[in-house]
Amino acid sequence: MLLQLNHFFKVIRFKNLLILVLTQVLAFYFIVFPRLSFLVDNIVYLKAVIVMLSTMFVTAAGYLINDYYDVKIDLLNKPEKVIVGYTISRRYALIFHSIFNLIAIALAYFVDYYFIGIVFFTALFLWIYSNKLKRSFLTGNMLVALLTAISVYLPAFVFRHRSELLMLFALYSFFICLIREIIKDVEDMKGDAAFGSKTLPIVLGMRKSKSVVLWITVLFISFQIAISLFSINQKVILIALVTIPFLIHFLYKLSKADTNQAFKNLSLHCKILMLIGVLIMVLC
């Protein structure tokens with residue numbers, strides 16, 4: 001029973017869900033409602049908790065449906081990590097996917113109609129991504145990156161709080177997520193190619209895919225420098241000063257990457273970059 005529970009947590013990427021919740025907690029606490037003001041209002045506090053729970057459930061549902069469709073490909077790419085279809089049946093994965101989406105939408109009802117729409121379309125797009133777009137040329141990568149950015153900006157959107165600072169964090173999440181998704185596609189080229197996928201690395205090859213990731217990273221660094229030069233907000237400059245050295249180090253590692261293990265390390269590096277971006281919110 002405990003083993004099955006442990007495997008279930010792995011399927012829903014429990015650690016990733018914790019990072020997602022932490023991101024929204026820090027966004028609420030330090031950017032949308034700084035100086036503890038939102039804790040004074042119980043209704044606002046409850047609404048914030050509901051937003052986080054709803055986001056967590058719809059994301060967990062997305063991971064479940066992703067593994068449901070990817071069983072055969074994962075058996076080629078990472079057979080030792082395949083859980084759905086073995087420890088957890090595909091039928092139960094599909095059932096929990098539906099239950100989690102229903103919970104997410106039900107929770108969204110207590111926030112507002114706009115949030116219901118966001119949760120519903122997020123669930124729909126995650127299903128479309130897992131069923132089809134994941135194996136397409138760049139479209140799936142862009143969709144996942146966009147949904148990640150939306151999850152970061154949600155605290156400001158739900159409370160109609162215009163925050164240029166949180167928008168910057170959302171853009172940061174978009175770029176890092178997009179880069180990581182392409183790198184993961186490089187890792188999974190063998191299994192993806194066997195099942196007729198048309199991901200960017202399969203269409204362009206590993207070398208050109210590395211060039212695409214390099215130029216996306218350079219574009220993001222240039223964007224941060226430009227924003228910092230024309231911004232009078234010290235927090236914007238702080239974000240650039242902290243993150244750019246890590247991004248330059250990432251470029252160095254990328255230039256040396258030529259094995260599957262090297263790309264796995266780059267994927268981990270992206271996770272660290274994402275966590276760094278989250279923790280910088282504390283300084284804001």
Side-chain angles (χ1 to χ4, degrees), residues 12-33 38 41-69 94 96-134 136 138-178 180-181 274 277-278 281:
I12 63 171
R13 320 297 199 273
F14 189 68
K15 291 179 182 178
N16 290 2
L17 295 180
L18 289 179
I19 293 174
L20 173 62
V21 171
L22 175 64
T23 302
Q24 292 190 337
V25 167
L26 296 180
F28 277 121
Y29 194 82
F30 290 100
I31 298 177
V32 180
F33 296 105
F38 82 104
D41 190 331
N42 289 332
I43 295 176
V44 172
Y45 175 69
L46 180 61
K47 200 173 179 180
V49 171
I50 291 172
V51 168
M52 288 184 281
L53 286 173
S54 182
T55 307
M56 184 180 71
F57 274 109
V58 76
T59 304
Y63 286 132
L64 281 163
I65 199 65
N66 181 71
D67 282 10
Y68 173 86
Y69 280 112
L94 197 59
F96 276 105
H97 162 260
S98 301
I99 290 172
F100 283 0
N101 276 331
L102 287 172
I103 292 172
I105 293 169
L107 287 169
Y109 174 81
F110 296 99
V111 179
D112 61 31
Y113 290 112
Y114 292 105
F115 188 54
I116 293 173
I118 289 174
V119 173
F120 174 81
F121 282 107
T122 296
L124 177 63
F125 288 140
L126 285 173
W127 176 77
I128 294 172
Y129 164 78
S130 299
N131 186 35
K132 187 175 182 180
L133 293 183
K134 186 177 182 180
S136 64
L138 208 57
T139 310
N141 305 133
M142 295 286 288
L143 177 61
V144 171
L146 179 61
L147 291 176
T148 301
I150 289 171
S151 72
V152 173
Y153 194 72
L154 264 180
F157 175 82
V158 168
F159 290 96
R160 308 296 185 267
H161 177 88
R162 184 179 177 183
S163 174
E164 294 177 359
L165 192 59
L166 195 56
M167 179 62 75
L168 184 59
F169 279 112
L171 284 171
Y172 179 88
S173 300
F174 174 85
F175 277 103
I176 299 301
C177 185
L178 178 60
R180 183 168 182 262
E181 287 297 311
M274 188 71 80
V278 171
M281 289 185 188

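These numbers were taken from a predicted model, which means no experiment stands behind them.
- Side-chain contact between Ile150 and Thr122: absent, with no pair of heavy atoms (C-beta onward) separated by less than 4.5 Å.
- For the residue pair Phe169 and Gly277, the shortest heavy atom distance occurs at CE2-O, 3.1 Å.
- Taking all atoms of both residues into account, the shortest heavy-atom contact from Thr55 to Val58 is O-CG1, 3.3 Å.
- Within the 4.5 Å cutoff, the side chain of Phe100 has heavy atoms near those of the Ile12 side chain.
- Remark: Ser98 OG to Ile103 CD1 distance equals 11.0 Å, nearest 0.5 Å.
- Taking NE2 from His97 and OH from Tyr63, the interatomic distance works out to 13.5 Å, rounded to the nearest 0.5 Å.
- Residues Pro155 and Ile31 have side chains not in contact (no heavy-atom distance under 4.5 Å, counting atoms from C-beta outward).
- In this structure the side chain of Leu143 never reaches within 4.5 angstrom of the side chain of Thr139, judged on heavy atoms.
- Atom CZ of Phe115 sits in a crowded spot, with more than 12 heavy atoms from other residues, nucleotides or ligands closer than 6.0 Å.
- When all heavy atoms are compared, the tightest approach of Thr148 to Ser151 is O-OG, 2.6 Å.
- Here the CD atom belonging to Gln24 is positioned 9.5 Å from the CG atom belonging to Leu53, to the nearest 0.5 angstrom.
- Ile128 CD1 to Phe121 CZ: the interatomic distance, rounded to the nearest 0.5 Å, is 9.5 Å.
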- Query: For Phe125 and Leu146, what are the C-alpha separation, side-chain angles and deciding distance, and is it a side chain to side chain contact (heavy atoms under 4.5 Å, CB included)?
  - Reply: CA-CA 11 Å; Phe125 288 140; Leu146 179 61; over 6 Å; no

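- Here the closest heavy-atom approach between residue Ala123 and residue Asn101 is recorded as CB-OD1, 3.4 Å.
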Check: Checking side chain to side chain donor-acceptor pair (under 3.5 Å) for the pair Trp127/Tyr69: CA distance, chi angles, key distance, verdict?
Finding: CA-CA 10 Å; Trp127 176 77; Tyr69 280 112; 3.1 Å; yes

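- Put simply, the side chain of Val152 does not reach to within 4.5 Å of the side chain of Leu20, judged on heavy atoms.
- A distance of 10.5 Å separates CD1 of Ile99 from CG of Leu94, quoted to the nearest 0.5 Å.
- Distance CD1/Ile116 to CZ/Phe110: 9.5 Å, rounded to 0.5 Å.
- Taking each heavy atom of Glu181 and Tyr129 in turn, the nearest pair found is OE1-OH, 3.4 Å.
- The shortest distance between side-chain heavy atoms of Met281 and Thr23 falls below 4.5 Å.
- Under the 4.5 Å side-chain criterion, counting only non-hydrogen atoms from C-beta, Val32 is not in contact with Ser163.
- Between Phe159 and Ala48 the shortest heavy-atom distance is CZ-N, 4.0 Å.
- When Leu154, Asp112, Val111 are each tested for a side chain to side chain contact (heavy atoms under 4.5 Å, CB included) with Ile118, only one passes: Leu154.
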